Number of protein chains: 2
Amino acid sequence: MSPRTKVQFEEIRQKSRENIEKIALELFAIKGYHATSISQIAEKAGISKGLLYNYYKSKEQLLDSVIMKVYDEIMRIVQMSENLPAEKQIEQMIIQTTEHLKKNITFWQLYLFLVHQSDVHKKLSELYEKMRDDYLNYVVKLFKEMGSKNPTMEALMLGTMFDGIGLNYVTAPEGYPLDEMSNYMIEIFVKNKKG
Amino acid sequence: MSPRTKVQFEEIRQKSRENIEKIALELFAIKGYHATSISQIAEKAGISKGLLYNYYKSKEQLLDSVIMKVYDEIMRIVQMSENLPAEKQIEQMIIQTTEHLKKNITFWQLYLFLVHQSDVHKKLSELYEKMRDDYLNYVVKLFKEMGSKNPTMEALMLGTMFDGIGLNYVTAPEGYPLDEMSNYMIEIFVKNKKG
DNA sequence: GTCTATAATATGATAGAC
DNA sequence: GTCTATCATATTATAGAC
């Protein structure tokens, strides 16, 4: 056995982090940040508390790392169809967000946690503001391209509806007519614009 | 000094409870349930921890009492204009909810906590479901009276928009165009129906 | 009805061995 | 890189005096 190289160590660290963050995201999303203990995360991740603190300075920092992934993922969805015309981009954004929501309820639960509890600490509220701004900048531009009379207002309304739909679907997925809501949004923000 | 009567004792208890619940609502709403300790509530309410446990069996039960008030208040707003024609009722509901939101941000923060974290314990999720059902029953009926093609869907969409708007306004009241959103809702759910 | 003191426990975080 | 043992603290909740 040759000694492990720097790269190999880095790989192990990476895998460990991913494992921890996957579990943390799940627990934070379902139980909430404060109701989730480090012990629970460590236990479910199959590691010791000590090791967890080797990777993250504090529980707060672990939350930051996890929320970062949420931010990245959401901006990815928003900008997913960059090359299409504005109208098609909005439509795709609605469709893709809906599909993502169906398959990743806990993810969106954590997103809602970010929105709802962003003032837990400073870094979190900064991240929320950044995400909000990035989303708005991008989507306002799209509505402008579509010749909207009030692009800011429309972008805000679209975001607001995403939030409302996410909140309702995440809370009670069974009874909620997600696809119909999705179609309704396409009607309002895309179809009704023609003519 | 004559000895205090039963009625007088009851009055004292009532006042104490109201005081405690007012503070608890505020702290639960701003910091979240788990991040708020009994000590903080007692301190801010100007009483001892011991007394608090004289009134409430547990922290969880205190939350239940506080959430109950939220439920009552929301149903009050929904049914506020009972005597008006359906169209006017919807319009008033939107206007009144908007005004209430402006003046009672912490209240709505706690409502959103109920929606978002209703599975903290069983009683809470039951209350959420009851509120949701009561709201839907009432509003679906209104949309039916207005001759809507899909009353359930419209009632759900209205509720969803309330949630989204509340979430956004509560999170960042400064930049959010609440009145414009309110007007937008009236356009969609009332004005566009005529003809 | 109200307070102080305290029990019982859980939590976030660290130290040190391997 | 990983674990066990432990510290310091904070939390919910109770007991008992006034």
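As the structure is a computational prediction, the values presented were derived from the model and not from experiment. So that the names make sense, note that chain A is the first sequence line, chain B the second, and so on, each numbered from 1.
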ring-ring contact (aromatic ring centres under 6.0 Å, His included) partners of [range], not counting sequence neighbours, each pair once:
| range | answer |
| --- | --- |
| residues 72-113 of chain A | A:H100-A:F107, A:H100-A:W108, A:W108-A:Y111 |
| residues 10-29 of chain A | A:F28-A:Y33 |
| residues 48-67 of chain A | none |

Expressed as a whole number of angstroms, how long is the span from [X]:[atom1] to [N]:[atom2]?
| X | N | atom1 | atom2 | value |
| --- | --- | --- | --- | --- |
| A:K31 | C:dT11 | NZ | C1' | 13 Å |
| A:E43 | C:dG12 | CD | C1' | 16 Å |
| A:K6 | D:dG1 | NZ | P | 13 Å |
| A:L51 | C:dG12 | CG | P | 16 Å |
| A:N54 | D:dG1 | CG | P | 6 Å |
| A:L52 | C:dT14 | CG | P | 12 Å |

Listed partners of [X] passing side-chain contact (heavy atoms from CB on, under 4.5 Å), at least two apart:
| X | value |
| --- | --- |
| B:A29 | B:T106, B:Q109, B:L110 |
| A:E154 | A:F143, A:S148, A:F189, A:K193 |
| B:M68 | B:L127 |

Contact pattern, 5' to 3', of nucleotides 8-15 of chain D - B, S or - by protein heavy atom under 4.0 Å: ---SBBB-
Residues which pass side chain to side chain donor-acceptor pair (under 3.5 Å) with [X], listed by chain and number, not counting sequence neighbours:
| X | answer |
| --- | --- |
| A:S182 | A:T98 |
| B:H34 | none |
| A:T36 | none |

ILVMFWY cluster, A:I30 and A:I67 together (side-chain gap under 4.5 Å):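 Looking at the clustering, A:I67 is in a separate group from A:I30.
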Sugar-phosphate only, base, or nothing, as touched by B:Y55 at under 4.0 Å among non-hydrogen atoms: sugar-phosphate
Neighbours of DNA chain C within residues 16-23 of chain B, by heavy-atom distance under 4.0 Å: B:S16
Divergence of helical axes at both termini of the helix from C:dG1-D:dC18 to C:dC18-D:dG1 - five pairs an end, 10° steps: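 One end axis against the other gives 0°.
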Nearest-0.5 Å distance that lies between atom CG in A:L156 and atom CE in A:M161: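 A:L156 atom CG to A:M161 atom CE measures 12.0 Å (nearest 0.5 Å).
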